[in-house]
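Here the structure is laid out as structure tokens; the discussion comes afterwards.
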Amino acid sequence: MKKPLLFSAFCILMINGCSSDDSTTPVEVNEIAEEFLEVHNRYRTEVGIEGLTWSDELAESATEWAEQLAATCAFEHSTGNYGENLWMGTSGAFSITDVVDAWGSEKQHYNYSDNSCVEGEVCGHYTQMVWENTTEVGCGVASCDGFDIWVCQYTPQGNIVGQKPY
């Protein structure tokens with residue numbers, strides 16, 4: 001039986017010792033989802049909002065998009081109905097925590113009082129992570145030419161112009 005894309009993509013990158021058929025036990029996949037949630041929810045707790053829950057549907061969608069990007073080594077957002085964070089780095093060099101913390105580090109560039117980013121800086125990955133109305137996340141990763149392309153998708157999507165995240 002073919003494993004869901006989430007299993008094979010994470011097996012390739014995150015789980016050393018996978019067999020050649022990319023099989024991964026559900027426990028290993030749950031640990032991966034838990035790490036994504038733990039790091040995301042740390043940032044949400046800092047601003048006093050409820051944590052996200054994991055969505056297998058979003059994880060499959062995110063993994064499919066990561067694989068599509070990796071097929072051509074492209075790096076662009078999908079056009080779906082989800083919020084989305086992307087990240088790219090050297091294959092195998094970055095953990096889940098590293099990737100989510102990279103998005104979370106944008107907090108230093110976000111000014112809540114006027115709901116803006118510091119001029120010349122990016123903070124939209126962070127604000128998507130802490131968008132209060134967002135309740136679910138799912139993530140995936142694929143590799144291309146020595147780089148890993150990470151995708152997390154969120155629902156309901158955040159970063160709605162004119163609204164504060166929390």
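Here the structure is a predicted model, which is why all the values come from computation and not from measurement. These numbers come from the heavy atoms of this one structure, side chains and all, not from hydrogens, waters or symmetry mates.
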Check: Could you go step by step and tell me if Met88 and Asp148 meet the side-chain contact (heavy atoms from CB on, under 4.5 Å) rule?
Finding: CA-CA 6 Å; Met88 181 183 258; Asp148 292 329; over 6 Å; no

Inset, instruction - Evaluate the side-chain contact (heavy atoms from CB on, under 4.5 Å) criterion for residues Leu37 and Leu52: first the C-alpha distance (whole Å), next the side-chain angles of each, then the deciding distance (0.1 Å), finally the verdict. - result: CA-CA 7 Å; Leu37 286 173; Leu52 298 171; 4.1 Å; yes

task: Please lay out, stage by stage, how Leu86 and Glu76 fare under the test side-chain contact (heavy atoms from CB on, under 4.5 Å).
output: CA-CA 8 Å; Leu86 305 177; Glu76 61 191 24; 5.5 Å; no

**Message:** If you apply the rule side-chain contact (heavy atoms from CB on, under 4.5 Å), what do you find for Cys73 with Phe147, and how did you get there?
**Reply:** CA-CA 9 Å; Cys73 290; Phe147 293 95; over 6 Å; no

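The OH atom of Tyr112 sits 12.0 Å away from atom OG1 of Thr127, with the distance rounded to the nearest 0.5 Å. Distance CG/Leu58 to CD/Glu60: 10.0 Å, rounded to 0.5 Å. To the nearest 0.5 Å, the span separating CG on Asn115 from SG on Cys123 amounts to 8.0 Å. To the nearest 0.5 Å, atoms OG (Ser95) and CG (Asp101) are separated by 7.5 Å. Atom NZ in Lys164 sits 10.0 Å away from atom OG in Ser116 (nearest 0.5 Å). To the nearest 0.5 Å, atoms CD1 (Ile149) and OG (Ser143) are separated by 8.0 Å.
Using a 4.5 Å cut-off between side-chain heavy atoms of Ile, Leu, Val, Met, Phe, Trp and Tyr, with links allowed through other members, Val47 and Val137 fall into the same hydrophobic cluster.
A donor-acceptor pair is defined here as one N or O able to donate and one able to accept, closer than 3.5 Å; no such pair exists between the side chain of Gln128 and the backbone of Tyr154.
Summarising the geometry of Ala142 relative to Ala70, their closest heavy-atom pair is CB-CB, 3.7 Å, with the distance given to 0.1 Å. Taking both residues in full, the closest heavy atoms of Ala62 and Gly138 are given as CB-O, 3.6 Å, listed atom of the first, atom of the second, then distance. When every heavy atom of Arg44 is checked against every heavy atom of Met129, the shortest pair comes out as NH1-O, 2.9 Å. Residues His125 and Asn85 share a closest heavy-atom pair of O-ND2, 3.2 Å. Nearest heavy-atom pair, Cys117 versus Gly124, reported as atom, atom and distance to 0.1 Å: SG-N, 4.4 Å. The two atoms that bring Gln108 and Val118 nearest to each other are O-CG2, 4.5 Å, heavy atoms only.
The side-chain heavy atoms of Trp131 and Tyr166, taken from C-beta on, include no pair separated by under 4.5 Å. Put simply, the side chain of Tyr82 does not reach to within 4.5 Å of the side chain of Gln157, judged on heavy atoms. Val141 is not listed as a side-chain neighbour of Thr63, based on a closest heavy-atom distance of 4.5 Å or more. Using a 4.5 Å heavy-atom threshold, the side chains of His40 and Trp54 count as separate. When side chains are defined from C-beta on, Val151 does not count as touching Trp87, because their heavy atoms never get closer than 4.5 Å. When side chains are defined from C-beta on, Cys139 does not count as touching Gln153, because their heavy atoms never get closer than 4.5 Å. Trp150 has its side chain within reach of Ile96: a pair of non-hydrogen atoms, C-beta onward, lies under 4.5 Å apart. Cys152 places a side-chain heavy atom less than 4.5 Å from the side chain of Phe36.
By the 6.0 Å and 45° rule, Lys107 does not stack over the aromatic ring of Tyr43.
In this structure, Glu57 places its CD atom where only 12 or fewer heavy-atom neighbours from other residues, nucleotides or ligands lie under 6.0 Å away. The number of heavy atoms from other shown groups lying within 6.0 Å of CG (Asn111) is above 12.
In this structure, Tyr110 and Tyr126 have tilted ring planes: the angle between them lies in the 30° to 60° band.
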